[in-house]
Amino acid sequence: MYQKKLQENIEKELEALKKAGKFKVERELESAQGPEVDIKGLLAPAGKKVLMFASNNYLGLANNPEIIKAGKEAIDKYGFGLSSVRFISGTETIHKTLEKKLSEFLGTEDAILYSTNFMSNLGFFATITNETFGSTEPYIDAIYSDELNHASIIDAFKLCKKESVVKRIYPHGNIAALEKFLEEDKDKGYRFKIIVTDGVFSMEGYLAELPKLKELAEKHQALLFVDDAHAIGVLGKTGAGTPEHFGLHGKIDVLSGTFGKALGGAVGGYIAGRKEIIELLRQKSRTYLFSNSVPPSVVIASIKALDLLKEK
């Protein structure tokens, strides 16, 4: 009876999505990602490609010959995968090399690799807000989040214990509203305060006003967290993202980002920031501890992507 009811509800929901025009159909590419692609079943003359405007391949590195060569050589040397998580038998020297290169590129003290940026965001907020740090005293943390932040940030908040976290969602880019929240909360005794924003809001293209956010974070002793997935490799003199663009290179408390967009378009996410935060994540973050290592080919290709940025 329960199975039938579940099936009926799923079918009803799928039909509602179709009627609302929200049912997603995945287009199948029959070529590598690039400025031009082949799409299966497309009504076009044989051999004719179509222009690709929908990917995050901002620098064209997804099909870069040097990156492809590096990935192929990595498979020959290190194999296809590691069949393990990092802390058991899944850490290779190349993982540490990429983390070191990444932290130097971003101007942070340290960095930690995740399977995806979605996992890095989930891991950060669940770890920081749910960790008691040895205390038995009750606590409440406060999170101040832009209403247009990425879905991974929204889902990350769901992993925070409801009784221990207050979520304050401010209107997109409304610094005055955020400041009002912070002023209202200044005497409430919250354990930690975390201001959360995307660096570049992917659907709108807006940039967060990092200088003002940084100023508020310092004034109210809050941690500033920036998801810079859509800016890394693109903004700033060297491509180090929105902090570099605004003259705040190395001055943001925590950065998250990905190698899955401008930096080659594969997989792999990261958290970069203060060394003690990164070490805590290595010890406590479940989405890091219990996820397979980033494949060697992706690691070496990502190192090559950073090297290419440095050369340019």
Side-chain angles (χ1 to χ4, degrees), residues 56 106 108 111-131 140-162 164-175 177-178 181-182 185 190-210 212-214 216-217 220 222-235 241-243 246 248 252-263 267-274 277-278 280-281 284-288 291:
N56 299 309
L106 297 174
T108 61
I112 180 173
L113 300 178
Y114 283 80
S115 57
T116 66
N117 192 37
F118 210 108
M119 289 295 103
S120 66
N121 286 344
L122 295 185
F124 174 82
F125 288 100
T127 303
I128 295 298
T129 63
N130 294 337
E131 178 59 43
I140 297 178
D141 296 331
I143 293 174
Y144 305 85
S145 180
D146 190 293
E147 66 177 344
L148 294 187
N149 278 340
H150 191 265
S152 58
I153 292 174
I154 295 171
D155 283 1
F157 297 161
K158 297 175 184 178
L159 296 180
C160 302
K161 295 176 182 178
K162 293 181 179 180
S164 302
V165 175
V166 170
K167 289 174 282 187
R168 300 277 248 164
I169 311 301
Y170 61 90
H172 174 59
N174 193 325
I175 302 298
L178 170 60
F181 282 157
L182 289 164
D185 294 347
Y190 292 139
R191 184 182 67 164
F192 307 137
K193 296 177 182 178
I194 309 174
I195 297 173
V196 188
T197 184
D198 283 6
V200 174
F201 293 86
S202 60
M203 300 306 293
E204 296 76 18
Y206 301 144
L207 273 65
E209 296 187 60
L210 288 194
K212 293 181 180 178
L213 292 174
K214 175 67 175 174
L216 281 179
H220 293 275
L223 193 77
L224 179 56
F225 178 101
V226 178
D227 182 330
D228 222 26
H230 285 273
I232 184 71
V234 180
L235 289 183
T242 50
F246 284 111
L248 293 171
I252 303 301
D253 297 315
V254 183
L255 292 167
S256 74
T258 182
F259 294 99
K261 301 189 189 308
L263 300 181
V267 294
Y270 61 82
I271 295 287
R274 299 180 184 279
I277 292 176
I278 303 305
L280 178 70
L281 295 177
K284 297 278 191 172
S285 173
R286 295 174 69 83
T287 55
Y288 170 80
S291 293

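Position 1 is the first residue of the sequence, and the numbers go up from there.
- Nearest heavy atom pair, residue Gly273 against residue Ile278, reads N-CD1, 3.9 Å.
- Between Phe125 and Phe225, the ring planes lie tilted relative to each other; the angle falls in the 30° to 60° range.
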Val200 and Val234: CA distance, side-chain angles, deciding distance, side-chain contact (heavy atoms from CB on, under 4.5 Å) verdict: CA-CA 10 Å; Val200 174; Val234 180; over 6 Å; no
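- A distance of 8.0 Å separates OG1 in Thr197 from CG in Leu224, rounded to the nearest 0.5 Å.
- A donor-acceptor pair is defined here as one N or O able to donate and one able to accept, closer than 3.5 Å; no such pair exists between the side chain of Asp227 and the backbone of Asn121.
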Evaluation steps, side-chain contact (heavy atoms from CB on, under 4.5 Å), between Leu182 and Ile195: CA-CA 10 Å; Leu182 289 164; Ile195 297 173; 4.0 Å; yes
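- Nearest approach of Ala229 to Asn117, heavy atoms of both residues: CB-ND2, 3.6 Å.
- Side-chain contact between Tyr114 and Ser285 is present, with heavy atoms from C-beta onward closer than 4.5 Å.
- Neither side chain, Thr127 nor Tyr288, offers a donor N or O lying under 3.5 Å from an acceptor on the other.
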Verdict with supporting geometry, Phe181 and Tyr170, ring-ring contact (aromatic ring centres under 6.0 Å, His included): CA-CA 8 Å; Phe181 282 157; Tyr170 61 90; 7.4 Å; no
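- Checking each of Arg168, His220, Lys193 against Asp185 for a side chain to side chain donor-acceptor pair (under 3.5 Å) leaves exactly one that passes, namely Arg168.
- Side-chain contact between Asp228 and Leu106: absent, with no pair of heavy atoms (C-beta onward) separated by less than 4.5 Å.
- The closest side-chain heavy-atom distance from Asp198 to Asp146 is not below 4.5 Å.
- Atom-to-atom distance recorded for Ile154:CD1 and Leu148:CG is 8.5 Å, nearest 0.5 angstrom.
- The line from CZ of Phe246 to CG of Leu235 is 8.0 Å long, rounded to the nearest 0.5 Å.
- Residues Val165 and Phe157 fail the side-chain proximity criterion, which asks for heavy atoms closer than 4.5 Å.
- Considering Asp141, Ile128, Val254 as possible partners of Ile194, the one that fulfils the side chain to side chain contact (heavy atoms under 4.5 Å, CB included) test is Ile128.
- Looking only at distances, a side-chain donor or acceptor of Glu147 sits under 3.5 Å from a matching main-chain atom of His172.
- A distance-only check finds no donor-acceptor pair linking the side chain of Thr258 to the backbone of Tyr270 [under 3.5 Å].
- Atom CZ of Arg286 sits about 12.5 Å away from atom CE of Met119, to the nearest 0.5 Å.
- Taking 4.5 Å as the limit, every side-chain heavy atom of Leu210 sits out of range of all side-chain heavy atoms of Lys214.
- Thr287 approaches Gly123 most closely through the heavy-atom pair OG1-CA, 3.1 Å.
- For Asn130 (side chain) and Lys161 (main-chain N/O), a donor-acceptor pair under 3.5 Å exists by modelled atom type.
- Using modelled atom types and a 3.5 Å distance limit, the side chains of Asp155 and Ser152 yield no donor-acceptor pair.
- Of all heavy-atom pairs spanning Ala142 and Tyr190, the tightest one is CB-CD1, 3.4 Å.
- Once rounded to the nearest 0.5 Å, the distance linking OG of Ser256 with CG of Leu122 reads 10.5 Å.
- Closest non-hydrogen pair, Gly233 versus Leu263, comes out as CA-CD2, 4.1 Å.
- Within the 4.5 Å cutoff, side-chain heavy atoms of Ile175 are placed close to those of Leu213.
- Across all non-hydrogen atoms, the minimal contact from Ile271 to Leu281 is CG2-CD1, 3.7 Å.
- Between Ile277 and Phe124 there is a side-chain heavy-atom pair separated by less than 4.5 Å.
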